[in-house]
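All values derive from a computational prediction rather than experimental measurement.
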Amino acid sequence: MAAARCRRRGARGRTGRVAAPAALAAPVAYVASASTVGAPASATARGALISVTPLDTLGRDQVVAALGTLGFDPGTVRYGVTAYRLDYATVDPQGRPTTAPGLLVLPRGGPHRLDLASDTHGTLATRDDAPSGGAGYNRLTPYLHASAGRAVAAPDYPGLGGGPGSHPYMDTRSAVTASVDMLKAARTAAGRLGRPVTRDVYATGFSQGGQVAMAVGRELSRGRDGLRLRALAPIAGPHTLSGDDPRPAVTAARNDLTAYARADSRPVAVALRRPFYRILDDLDRTPA
């Protein structure tokens, strides 16, 4: 999963043209029928699939047009895509059972049995910017990889999208457990949708997601969870939050303080006075 240099300006920044590998594509066409499938909400094992909700269906030309809005190179786009929101069981930073959402994208074509890509996103200004949240730029890299012929699992991370609780920003352990559990849920969902996936995982991510991708690659290289790391391509890291929109930097600062306070078992008010924290909370809910 090679990529050309990407440039980002804030959380909605401009991204350079990104190249997906030709190896993503496959010659045999197959189109799955979309349906809503799920498992009982009482399923609590990590990675257990709770529900699948169809979100989007795009033809090949629509994928090319969507990618063009941020300057992505459409050269490897071979298929349209179908996107689903998955809700699945995972654990929070303290190891307690919880749930999380994520985005599963399947190609509308390609081989019957697919390899699986893990695509972890960068720092967000609002929780609804997560891949399974409102339709927008954070679905574009999953669409890019799926349109070349792989199933793509894009976790929202704990506390983002429609998930419960607050997001423990830069908490590597919880991001990895949510990402690996998303891969398990994605395999289950894809099989039920008639597009079974192999054990092979190709992991990539950008900005905050680059750091998460590296940690996911390390976890998968241990040979647990029935998954096998085939390739790892982290892109950049969570280094710069400057730009025209101040919300990414403000949100990241709030997330940092919240994560550190909770990791140290202190109330958030120790790090940040409550009136200011309420202002940041309101800002986090403001549409972009």
Side-chain angles (χ1 to χ4, degrees), residues 1-31 55-83 103-111 114-124 129-132 134-155 197 200-214 216-217 230-240 243-245 248 288:
M1 232 178 262
R5 287 184 300 174
C6 297
R7 291 174 298 143
R8 184 172 181 175
R9 216 177 144 195
R12 291 187 179 273
R14 301 190 176 187
T15 309
R17 299 181 76 84
V18 179
L24 285 173
V28 182
Y30 176 86
V31 179
L55 294 179
D56 214 356
T57 299
L58 281 72
R60 182 187 178 279
D61 290 345
Q62 291 174 302
V63 173
V64 170
L67 295 175
T69 62
L70 283 185
F72 282 72
D73 182 356
T76 59
V77 176
R78 298 186 62 182
Y79 312 107
V81 300
T82 303
L103 184 73
L104 169 66
V105 188
L106 300 175
R108 300 179 66 199
L114 302 166
D115 288 338
L116 183 58
S118 173
D119 186 7
T120 46
H121 66 75
T123 303
L124 304 179
D129 288 335
S132 79
Y137 73 101
N138 263 324
R139 292 186 187 175
L140 294 185
T141 55
Y143 287 179
L144 175 70
H145 298 307
S147 67
R150 281 197 175 117
V152 180
V197 298
D200 294 335
V201 176
Y202 297 76
T204 188
F206 175 64
S207 188
Q208 179 188 0
Q211 182 259 350
V212 175
M214 291 181 66
V216 167
R230 289 301 302 271
L232 177 63
I235 305 170
H239 307 309
T240 303
D244 296 334
D245 186 348

Holding to side chain to side chain contact (heavy atoms under 4.5 Å, CB included), I want the full list of residues that pass it with [X], two or more places apart in sequence or in another chain.
X: Ala151; answer: Leu106, Leu114, Leu116, Val197
X: Thr120; answer: Ser118, Pro155, Tyr157, Ser179, Val212, Ala213
X: Asp61; answer: none

Does Thr204 form a side chain to side chain contact (heavy atoms under 4.5 Å, CB included) with His145? I'd like the steps, not just the answer.
CA-CA 10 Å; Thr204 188; His145 298 307; 3.9 Å; yes
Heavy-atom closest contact (Gly80 atom, Val63 atom, distance)
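Gly80 and Val63 have their closest heavy atoms at CA-CG2, 4.2 Å.
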Report the distance from atom NE2 of His121 to atom OG of Ser132, rounding to the nearest 0.5 Å.
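If we round to the nearest 0.5 Å, His121:NE2 and Ser132:OG are 8.5 Å apart.
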Rounded at 0.5 Å granularity, tell me how far CG in Leu70 sits from CG in Leu144.
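So the CG of Leu70 and the CG of Leu144 are separated by 11.5 Å.
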Decide side chain to side chain contact (heavy atoms under 4.5 Å, CB included) for Asp56 and Tyr143; before the verdict, give the C-alpha distance in whole Å, the side-chain angles of both, and the deciding distance to 0.1 Å.
CA-CA 10 Å; Asp56 214 356; Tyr143 287 179; 3.1 Å; yes
Heavy-atom distance under 4.5 Å between the side chains of [X] and [Y], does that happen here?
X: Thr57; Y: Arg108; result: yes
X: Thr69; Y: Leu140; result: yes
X: Arg150; Y: Tyr202; result: yes

Just do the side chain to side chain contact (heavy atoms under 4.5 Å, CB included) check on Val152 and Leu104 with the steps written out, would you?
CA-CA 6 Å; Val152 180; Leu104 169 66; over 6 Å; no
As a quick check of understanding, evaluate side chain to side chain contact (heavy atoms under 4.5 Å, CB included) for Phe206 and Asp119, giving each step before the final call.
CA-CA 8 Å; Phe206 175 64; Asp119 186 7; over 6 Å; no
So, is the end of the Arg60 side chain (NZ or CZ) under 6.0 Å from the ring centre of Tyr79 and within 45° of the ring's axis?
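The answer is no; the distance or angle limit is not met.
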Could you give all pairs that pass the salt bridge (charged side-chain N to carboxylate O under 4.0 Å, His left out) test and reach residues 200-213, with sequence neighbours left out?
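Every salt bridge (charged side-chain N to carboxylate O under 4.0 Å, His left out) pair that includes a residue of residues 200-213, provided the two are not neighbours, is Asp200-Arg228, Asp200-Arg230.
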Taking the side chain from Arg139 and the backbone from Pro131, do they hold a donor-acceptor pair closer than 3.5 Å?
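Indeed, once roles are kept as given, a pair shorter than 3.5 Å links the two residues.
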